Amino acid sequence: MLLTQQAGPTRSDHCDNTTPEYMDDLSSIIFSVVGALFILIALPVGLGVAMHMHTRFPRVALPALAAALALVPPLGLLLAGRNLSVRNLNFDTQLDAGGLSAWLFRLTSASVILIAVTAALVYLMRRTKENPAGRIVLVGFITYFVSNIILNGLFGTVPSLVTAHLYALLVLGALYVNRTTGLADVLAAIRWGLFLMLSASVLWMVVGPQVVMQTNTPEVRLPFVNFRFWGLGDGPNSIAPMALMSFLITIYQPFRFRILSLASIAAALTVLVLAQSMTTWIAAVVVIPPYFLIRFLTHPTKGEARKISGFGAIAMITLAGALMVGAAALLLDLNELQRGISEFGGLARGQEGAALSGRAGIWAVAVRVFLENPLFGYGPTAWDLAFRSKINMMFAFHAHNLFFQAISVAGLVGLAGTIFYVAVMGWQALKLTWYTRGLAPALFMIFMFRSVSEVPLELSSILTGSFLMLFTLFHVLCAGAWEMAQPQTKPAESPAPEPVRAKPHIPDPVRPTLPAGMKPVALPRTLAEAPARKPQPALQALVQNATRHAPEKARGGPAPTSPASTSSSPPRRQQPTPTSPTHAEPRPRPERNKNEPDQLGRVEPRLDL
């Protein structure tokens with residue numbers, strides 16, 4: 001029985017065998033062909049639809065892209081189910097997304113690249129002569145990209161080209177060509193994305209504390225707090241500067257409703273304090289007072305300066321300097337800094353026992369890698385998983401300093417490109433100080449503070465907090481420069497009006513009172529318009545009576561009249577002789593009240609001047 005059971009394979013075993021190998025190869029070939037056909041059909045269709053939508057709604061693409069960069073990474077962390085409460089936390093495990101989170105990141109990256117390519121194609125098809133303001137920022141970034149990604153990838157110690165770095169170039173290029181849409185739309189999308197992400201991070205302290213709070217860590221700097229806050233970000237040193245940036249943007253461009261602005265500021269300050277990032281704390285103390293000072297010195301309308309006395313300016317600058325020095329003394333452990341410098345000096349001299357971990361050790365490794373290829377450095381794959389395994393520093397995801405990162409990855413060429421790009425950004429931010437009311441220099445100062453202990457120009461992924469901050473700074477510099485360069489349309493100045501001279505007051509004349517039986521008659525404008533009126537009997541009789549008795553009154557008796565003259569025409573008035581008493585001594589006419597009508601019914605008008 002035992003021998004029977006140990007016999008060779010039976011026929012049924014052969015029947016249960018797996019599919020032949022050629023069938024697996026055939027199915028993989030069919031799957032590849034179908035996938036290629038689908039891509040060939042879907043890509044042009046999707047690109048055409050995207051271009052049509054971008055043409056119809058040109059102000060939607062870039063804000064949607066900015067919102068995706070802010071909201072998709074925290075959503076991916078929730079889907080991945082990160083657990084920060086374990087001891088000896090493995091960072092590679094926490095950062096390696098899989099399942100739904102991985103597919104979410106892939107689809108988001110594809111959508112972002114599609115939007116960027118669409119915006120670039122529409123710009124090239126519609127290209128017209130435009131203002132080149134902000135182009136120097138794009139030139140600086142291209143210089144950095146060529147010197148730190150392309151040249152060292154070709155001539156470095158370990159030559160390699162990483163396609164993921166091209167995504168950053170496409171996204172920032174699309175952001176540049178769409179800078180003509182202005183600052184407001186993209187900043188509003190970033191403000192909303194950061195507000196939702198930070199609010200969800202604070203809410204998850206109750207819903208899922210193991211996702212946002214690291215409890216087993218010695219890096220706790222607050223009393224009565226036994227955890228360090230990661231939030232829904234890549235880490236405390238990543239989410240803290242994002243909270244500070246959210247605070248600055250909310251102050252610069254508040255929400256429509258004040259309650260949302262207050263909630264956004266509260267969430268940002270809560271995350272900023274609980275993250276316990278020393279670099280960001282110092283950056284906040286240094287950046288916030290000048291930011292509010294510049295906002296005070298500018299009117300709500302951009303670019304207009306408010307007058308301030310020289311004494312007031314000196315007092316404010318002195319107060320800001322005192323706050324900086326005090327914050328540095330309180331927040332920065334000078335003994336720890338001196339010990340780190342000593343450790344770095346010992347490692348640079350070859351004393352490996354001085355320190356085997358920490359930033360000083362990482363900087364020493366960066367210098368050693370730089371000396372192997374001083375011109376082009378190690379290559380773009382420096383500080384990846386294989387490199388960290390080689391140097392036995394699994395926690396060193398980068399050189400923890402922007403300039404040490406440049407010399408280790410790209411050598412002197414990369415360092416020159418990095419310095420050039422940083423100088424361009426600093427100069428452009430300085431030029432936009434008054435126009436952006438302090439936002440551009442504040443964001444650049446955060447960038448520089450992060451450069452001391454982090455690498456804010458890391459381009460290995462576009463779905464990180466570092467790239468979102470670079471995206472925001474790049475947009476403010478390019479769009480702000482373009483807005484500031486636009487001609488300010490002023491209303492046409494009308495000639496000064498002539499002074500109005502006071503007219504003399506002329507009272508209305510007293511309207512005459514007509515006798516009974518008479519009606520006022522409107523005078524004609526011209527003689528031709530005068531209608532033919534019938535003679536009034538009463539007025540005609542009055543005139544004849546006055547004419548008939550006038551000579552009789554002058555002579556003192558009745559005038560001799562002939563029958564013929566009496567019947568045909570009224571008698572003529574005889575001229576007085578020189579010897580007549582009327583000519584020698586005229587009798588005074590009795591004074592008559594001017595308001596009473598005369599014998600013809602006329603009333604003299606009266607003007608009281």
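Below, all heavy atoms of this structure are taken into account, side chains as well, without hydrogens, waters or symmetry copies. As the structure is a computational prediction, the values presented were derived from the model and not from experiment.
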Non-hydrogen side-chain atoms of [X] and [Y] separated by less than 4.5 Å:
{"X": "Phe195", "Y": "Trp192", "value": "yes"}
{"X": "Phe403", "Y": "Ile419", "value": "yes"}
{"X": "Phe471", "Y": "Ile190", "value": "yes"}
{"X": "Ser147", "Y": "Thr418", "value": "no"}
{"X": "Ile446", "Y": "Leu248", "value": "yes"}
{"X": "Phe474", "Y": "Val171", "value": "no"}
{"X": "Thr433", "Y": "Ile294", "value": "yes"}
{"X": "Met197", "Y": "Ile239", "value": "yes"}

### Message
Walk me through whether Phe449 and Val286 qualify under side chain to side chain contact (heavy atoms under 4.5 Å, CB included).
### Response
CA-CA 10 Å; Phe449 272 100; Val286 173; 3.9 Å; yes
Quick check: does any side chain N or O of [X] sit under 3.5 Å from a backbone N or O of [Y], one acting as donor and the other as acceptor?
{"X": "Asn148", "Y": "Ala410", "answer": "no"}
{"X": "Arg228", "Y": "Val220", "answer": "no"}
{"X": "Trp363", "Y": "Ala399", "answer": "yes"}
{"X": "Arg221", "Y": "Gln276", "answer": "yes"}
{"X": "Gln214", "Y": "Trp230", "answer": "no"}
{"X": "Asn401", "Y": "Ser453", "answer": "no"}
{"X": "Ser201", "Y": "Leu232", "answer": "yes"}
{"X": "Thr157", "Y": "Gly377", "answer": "yes"}
{"X": "Gln253", "Y": "Leu187", "answer": "no"}

Mind listing the closest non-hydrogen atom pair of [X] and [Y] along with its distance?
{"X": "Leu183", "Y": "Glu483", "result": "N-OE2, 2.9 Å"}
{"X": "Gly153", "Y": "Pro380", "result": "CA-CD, 3.6 Å"}
{"X": "Ala440", "Y": "Leu477", "result": "CB-CD2, 4.3 Å"}
{"X": "Phe467", "Y": "Leu69", "result": "CE2-CD1, 4.1 Å"}
{"X": "Thr280", "Y": "Ser277", "result": "OG1-OG, 3.0 Å"}
{"X": "Ala189", "Y": "Ala67", "result": "CB-N, 4.3 Å"}

### Task
Show the numbers, then the answer: is there a side chain to side chain contact (heavy atoms under 4.5 Å, CB included) between Leu175 and Cys478?
CA-CA 8 Å; Leu175 191 61; Cys478 291; over 6 Å; no
### Message
Please evaluate residues Leu170 and Val112 with respect to the criterion side chain to side chain contact (heavy atoms under 4.5 Å, CB included), reporting the C-alpha separation (whole Å), side-chain torsions for both, the decisive distance (0.1 Å), and the verdict.
### Response
CA-CA 9 Å; Leu170 290 175; Val112 168; over 6 Å; no
Pairing residues for [X] by the side-chain contact (heavy atoms from CB on, under 4.5 Å) criterion, not counting sequence neighbours:
{"X": "Ser238", "result": "Asp234, Met242"}
{"X": "Ala485", "result": "Asn131, Ala133"}
{"X": "Thr215", "result": "Ser85, Phe227"}

Spacing of [X] atom [atom1] and [Y] atom [atom2] [to the nearest 0.5 Å]:
{"X": "Leu430", "Y": "Phe444", "atom1": "CG", "atom2": "CZ", "answer": "9.5 Å"}
{"X": "Met213", "Y": "Leu274", "atom1": "CE", "atom2": "CG", "answer": "9.5 Å"}
{"X": "Asn373", "Y": "Leu375", "atom1": "CG", "atom2": "CG", "answer": "6.5 Å"}
{"X": "Leu194", "Y": "Thr250", "atom1": "CG", "atom2": "OG1", "answer": "8.0 Å"}
{"X": "Thr108", "Y": "Ile113", "atom1": "OG1", "atom2": "CD1", "answer": "11.5 Å"}
{"X": "Asn152", "Y": "Leu161", "atom1": "CG", "atom2": "CG", "answer": "8.5 Å"}

### Message
Quick one, Tyr176 with Val137, criterion side chain to side chain contact (heavy atoms under 4.5 Å, CB included). Give me CA distance, side-chain angles, the key distance, then yes/no.
### Response
CA-CA 9 Å; Tyr176 168 78; Val137 182; over 6 Å; no
### Tyr291: ring-ring contact (aromatic ring centres under 6.0 Å, His included) partners, not counting sequence neighbours
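Partners of Tyr291 by the ring-ring contact (aromatic ring centres under 6.0 Å, His included) criterion come out as none, since no residue qualifies.
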### Residues which pass ring-ring contact (aromatic ring centres under 6.0 Å, His included) with Phe447, listed by chain and number, not counting sequence neighbours
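Residues passing ring-ring contact (aromatic ring centres under 6.0 Å, His included) with Phe447: none at all.
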#### Entry: Residue from Arg450, Glu458, His398, Glu454 passing side chain to side chain donor-acceptor pair (under 3.5 Å) with Ser466
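Going through the options one by one, the only one that passes is Arg450.
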### Query
Got a sec, which pairs hit ring pair (Phe, Tyr, Trp, His ring centres under 6.0 Å) with one end in residues 134-168, sequence neighbours left out?
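Non-adjacent pairs meeting ring pair (Phe, Tyr, Trp, His ring centres under 6.0 Å): Phe141-Tyr421, Phe155-Phe376.
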